[in-house]
Protein chains: 2
Amino acid sequence: MTDESTLGYALLGLLTQQPQSGYDLRKLFVATPMGVFSDSPGAIYPALGRLERRGWIAAGPAPRGGRRRRVYAPTPDGRAAFAVWVSQSPTPDDIARRWDVLMLRVALMGGVVKPAVVDQILATTQAAVDEYLASLEAFHAGPGQEMPVLAQLAFESGIESVRARARWIRRARQRAGVRRKR
Amino acid sequence: MTDESTLGYALLGLLTQQPQSGYDLRKLFVATPMGVFSDSPGAIYPALGRLERRGWIAAGPAPRGGRRRRVYAPTPDGRAAFAVWVSQSPTPDDIARRWDVLMLRVALMGGVVKPAVVDQILATTQAAVDEYLASLEAFHAGPGQEMPVLAQLAFESGIESVRARARWIRRARQRAGVRRKR
DNA sequence: GATCACATGTAAGAAGTTACATGATTCT
DNA sequence: AGAATCATGTAACTTCTTACATGTGATC
């Protein structure tokens, strides 16, 4: 079976936090930065259909009276699949090109994996970010010098983003750790 | 006619800088952060085909002897279409969800649009980034307080990225302006 | 002469986008 | 009653991904 899409996992994670309908989910996606993973009904409803066919979510009983609504909740299989997804160790590609997906996993992993696993993932992330940053800086100091000025500037924007991530991850590990000792 | 894809414009822009083959372009995408816009032959060659059918690029004469190579160069129509694309004024969506595309435009706009247009685009970008940042901070200080700790952290990563962009754009405008006065 | 790297491409399938369709329910 | 909005979906289209196909020139 092929992998589920990022959007599918995002929906699954939100349902893990709170059973709700496709319409509710869509409102969430429109209202928050999670909308990057698409906020159109033409993506959300088919994704919910896929999750249902996989047996990862199931719709509750149809409400008697009131509007037609399908309130989905994750099945045990769905919870397990979601736990596997959020527990993935970050790959270099996650760091360099799918940071948003990694942050989605972080945002939704609370209550799903043990604090020790969260720490582990954040530690791996820190190492990978530092390494990636070093490679970008090396490029900038070396072959990057030959690029046109505007190309260099655009590249620096990328470097600054990664620097911001490197700083963030240190704070995040502290905050996540503190919470654990409560 | 529908819009060309981001990958298509990226290829067109690179060809504007330097006529070359699909293979050369692919090497570029693999070696640089431009790879985010896809670096697989299954995307690049069809994109080149589309550009050719649009009349935006044309292949030079087949080399006699040596390997089979199709060296593409932009046509006048292609140059014009590219200039239109890079000159677009940044939309809120460009700022919030397609920053990478915006940076691609910046990286490739040198020599294609007049310095005054570059300044104009960067100024618009600065205003839009500041506004977006303010909205994120308002969310963080308000409804964001109710999110789980890890979700807050992930959100803060996004805020920090945008802060980095806000700082970057100020430096970038200076550097781009200085260059102009040379 | 065999193998490797060059260079271009195609096929199947997944998933998103936009736009439209449909009906029920609540509001005025 | 009529309009707006809730809620779910479908259809056509585009483009990407992965994997494979093909042939030629260079290299050992």
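Quantities reported herein were computed from a predicted structural model and do not represent experimental measurements. Residue numbers begin at 1 in each chain, while the letters A, B, ... track the order of the sequences.
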N/O contacts under 3.5 Å, protein versus nucleotides 10-15 of chain C?
| residue | atom | partner | partner atom | Å |
| --- | --- | --- | --- | --- |
| C:dA15 | OP1 | A:D3 | O | 3.3 |

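The heavy-atom pair separating A:L12 from A:P74 by the smallest distance is CD1-CB, 4.2 Å.
Note on A:R67: a base of the nucleic acid sits closer than 4.0 angstrom, heavy atoms only. Counting any heavy atom pair closer than 4.0 Å across all strands shown, A:S40 reaches a base atom.
In the region residues 12-33 of chain B, proximity to DNA chain D at under 4.0 angstrom, judged on heavy atoms, holds for none of the residues.
Residues A:R69 and A:S21 have side chains that bring a donor and an acceptor to within less than 3.5 angstrom of each other.
Here A:D94 pairs with A:R98, A:R105 under the salt bridge (Lys or Arg N to Asp or Glu O under 4.0 Å) rule; sequence neighbours left out. In this structure, the ring pair (Phe, Tyr, Trp, His ring centres under 6.0 Å) partners of A:F139, at least two apart in sequence or on a different chain, are A:F155.
Protein chain A contacts DNA chain D over a range whose 5' and 3' limits, counting nucleotides with an atom under 4.0 angstrom from a non-hydrogen atom, are D:dT5 to D:dT10.
Taking 4.5 Å as the limit, some side-chain heavy atom of A:W85 sits within range of a side-chain heavy atom of A:L104. By the 4.5 Å heavy-atom criterion applied to side chains, A:L14 and A:Y72 are not counted as neighbours.
Looking at A:E4 and A:R54, a side-chain N of the basic residue comes within less than 4.0 Å of a carboxylate O on the acidic one, giving a salt bridge. Between B:R170 and B:D130 there is a salt bridge, since a side-chain N of the basic residue sits under 4.0 Å from a carboxylate O of the acidic one. No salt bridge links A:E160 with B:R163; every basic N to acidic carboxylate O contact stays at or beyond 4.0 Å.
One can place CG of B:L48 at 9 Å from P of C:dT8, the figure rounded to the nearest angstrom. Note: CD1 (A:I44) to C1' (C:dT18) measures 14 Å, nearest angstrom. Rounded to an integer number of Å, the gap from B:E52 CD to C:dT8 C1' is 12 Å.
Residue B:R68 places none of its side-chain N or O atoms closer than 4.0 Å to OP1 or OP2 of C:dT8.
Within the structure, the salt bridge (charged side-chain N to carboxylate O under 4.0 Å, His left out) test picks out the following pairs touching residues 140-159 of chain A (sequence neighbours left out): A:E156-B:R171, A:E156-B:R175.
With a 6.0 Å cutoff to the six-membered ring centre and a 45° limit on the axis angle, A:R165 does not count as a cation-pi contact of A:W168.
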